Novice: 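Sharing a structure with you now.
Just so we're clear, the structure is a prediction, and the values are computed from it rather than from any experiment. Both ligands and their constituent atoms are indexed starting at 1 by order of listing.
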Amino acid sequence: MAERGHWGSKLGFVLAAAGSAVGLGNIWKFPYITGENGGGAFVLVYLACIALVGLPVMIAEILLGRASQKSPVGAFRALGGGFWVVFGGLGVLGGFVILSYYSVVAGWAMHYTYLAISGRIVDLGPDGVVPLFGELFASNGLNLFWHTVFMALTIGVVWGGVNKGIERWARILMPVLGGLMLILLVNGLTLGGFGQALDFVFGFRTENLTAAGVLEALGHAFFTLSLGMGAMLTYGSYLSRDDDIVSSGITISVLDTAIALTACMVLFPIIFTYGMQPGEGPGLVFVSIPIALAQMPAGTFFAIVFFALLVFAALTSAISLLEVVTSYLIDEKGWLRHKATVWAGVIIALIGVPSALSGGTALFGDGFAAVFGRNWFDTFDYLATNWMLPLGGLGIALFTAWKVDDAIRRGEFQHGARLALFYRGWLLLLKFVVPVGIVLVFLHAIGVI
Ligand code: PHE
């Protein structure tokens, strides 16, 4: 069997893991749920969720991977076995489910990048761009085309392996992403609406905070940090014995949070300057922003920068989703990487077809929604974000805190005794705070609270 891949350096790991974390969740979803929840207080609650729930689970996942040197299923088996292995299987399933529809949204970003490059966004003007999203959503051909292109790109990277594929591309794409973000942030600073945006995102207004908002923040903490389905676990399994898990986990979480907040400070100044509403929902990035870009000086340039950024962010996340499934096939089925990558990628692409057709085909769109309450695409997103990831996170937290041998856990967590206090604090969060938080999310999801 081929030797297990390893990151070239700790920096390579941190970039790849940050690449997984930073994605559509940060740039598309976080700003729009912040807008829907009225900004301010929601952001503060979100930060608390990241620190008290997200970070402890992130450390746990990386730790399980490094300790076992296995992908999810093998990791649960090696470190405890029994019933817990189910959570590994759930993670692999999560890879199939999430990537299948994630790729469709990434495809929209690719289509908008194309529209921007062709100059169409500015040429059409603010009124002309409004119907673009509806047309795209309803077009089976465009959705299938971009979904296929995006899956092919993802397969292409994962095919190269841990070192020559994932790490190499993270080293290229993450600095580019940071640079593009900076260009857009500087642009935001020059806009009249910046002050208003700052107040919206950071001004503390408790009156807007709802219980639903708190639970949405908690659920999103899992999605945005790529937790609950073994992506961080798998990446952790390629980490060398000498690297420090705790500081890596903190760096990844801080980077992810910084990008999410920056995305807000990129988007909301534009929204406010051009007199639009922050609470537009999922259309924020694909409808409201193009309306503003169409009127902005150098609009074509900023449109290209923004949508390319979105594609790059989505790609480094998609890579990690495909890698979970790929590494499962390698570890558990003994397949070679190339075979595993192509099979996993093609099957996920096929599972994504109904998502790609959800806007233009009654069978997966309205007809599906008439029976199941949501179209296929929304059903997958709902199942993954509201159920699979929190459930996976619960399993990971309980397993790490109550089942894994303390000597192994402690050894992985700390190299010396200097972090002893942190260790106890982390365990306490995993044992009690994380499970209680997740159970509350579930109770809310089924309408009990
Ligand atoms: N964290 C990614 C984002 O914010 C999504 C993701 C979820 C990636 C789970 C991998 C695993 O877009």
Novice: Which atoms from ligand 1 have a heavy atom of Tyr102 less than 4.0 Å away?
Specialist: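 Contacts of ligand 1 toward Tyr102, numbered from 1: 2 (C), 3 (C), 5 (C), 12 (O).
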Novice: With respect to Tyr112, which candidate in Ile289, Leu310, Ile121 satisfies the side-chain contact (heavy atoms from CB on, under 4.5 Å) definition?
Specialist: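 Going through the options one by one, the only one that passes is Ile121.
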Novice: Distance under 4.0 Å to a non-hydrogen atom of Ser320: what atoms of ligand 1 satisfy this?
Specialist: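 Answer, ordered by atom number: 10 (C).
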Novice: Going by heavy atoms in the side chains, are Thr400 and Trp426 under 4.5 Å from each other?
Specialist: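 The answer is yes; the side chains approach within 4.5 Å.
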Novice: Does ligand 1 have a heavy atom under 4.0 Å from the side chain of Ala21, from its backbone, from both, or from neither?
Specialist: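 It is the backbone that touches ligand 1; the side chain stays farther off.
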Novice: Hey, is Phe223 touching ligand 1 through its side chain, its backbone, both or neither, going by heavy atoms under 4.0 Å?
Specialist: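 Answer for Phe223: both.
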Novice: Would you say the ring centroid of Phe286 lies under 6.0 angstrom from that of Phe137?
Specialist: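 No, too far apart.
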Novice: Any nitrogen or oxygen of Leu321 lying under 3.5 Å from a nitrogen or oxygen in ligand 1? Just yes or no.
Specialist: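 Min N/O separation from ligand 1 is not below 3.5 Å for Leu321.
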Novice: State the atoms of ligand 1, each with its element, that fall below the 4.0 Å cut-off from a heavy-atom position in Ser20.
Specialist: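 Every atom of ligand 1 under 4.0 Å from some heavy atom of Ser20: 1 (N), 2 (C), 8 (C), 10 (C).
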Novice: Shortest non-hydrogen contact from Leu255 to Ala18?
Specialist: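 Result for this residue pair: CD1-CB, 3.9 Å.
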Novice: Ignoring angles and geometry beyond distance, decide whether Asn26 reaches within less than 3.5 Å of ligand 1 through its nitrogen or oxygen atoms.
Specialist: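 Asn26 vs ligand 1: N/O contact under 3.5 Å present.
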Novice: Please tell me if the side chains of Leu64 and Val404 come closer than 4.5 Å, counting only heavy atoms from C-beta onward.
Specialist: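 Leu64 vs Val404: side chains touch.
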Novice: State which residue, out of Val45, Leu440, Val441, fulfils the side-chain contact (heavy atoms from CB on, under 4.5 Å) condition with Val214.
Specialist: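 It is Val45; the other options fail the test.
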Novice: Can you list the ligand 1 atoms lying under 4.0 Å from a non-hydrogen atom of Ser317?
Specialist: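 Near Ser317, meaning under 4.0 Å from one of its heavy atoms, ligand 1 has 2 (C).
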Novice: Is it the case that ligand 1 has an N or O less than 3.5 angstrom from some N or O of Ala231?
Specialist: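 Such a contact does not occur with ligand 1.
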Novice: Under 4.5 Å between any side-chain heavy atoms of Thr234 and Pro72, yes or no?
Specialist: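 Side chain of Thr234 against side chain of Pro72, heavy atoms only: contact under 4.5 Å found.
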Novice: Give the numbers and elements of all ligand 1 atoms closer than 4.0 Å to a heavy atom of Leu24.
Specialist: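 Contacts of ligand 1 toward Leu24, numbered from 1: 12 (O).
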Novice: Between the side chains of Ser327 and Asp331, does any donor sit under 3.5 Å from an acceptor?
Specialist: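 Per modelled atom types, Ser327 and Asp331 side chains form no pair under 3.5 Å.
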Novice: Please say whether Met229 places an N or O atom under 3.5 Å from an N or O atom belonging to ligand 1.
Specialist: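 No: no nitrogen or oxygen of Met229 is under 3.5 Å from one in ligand 1.
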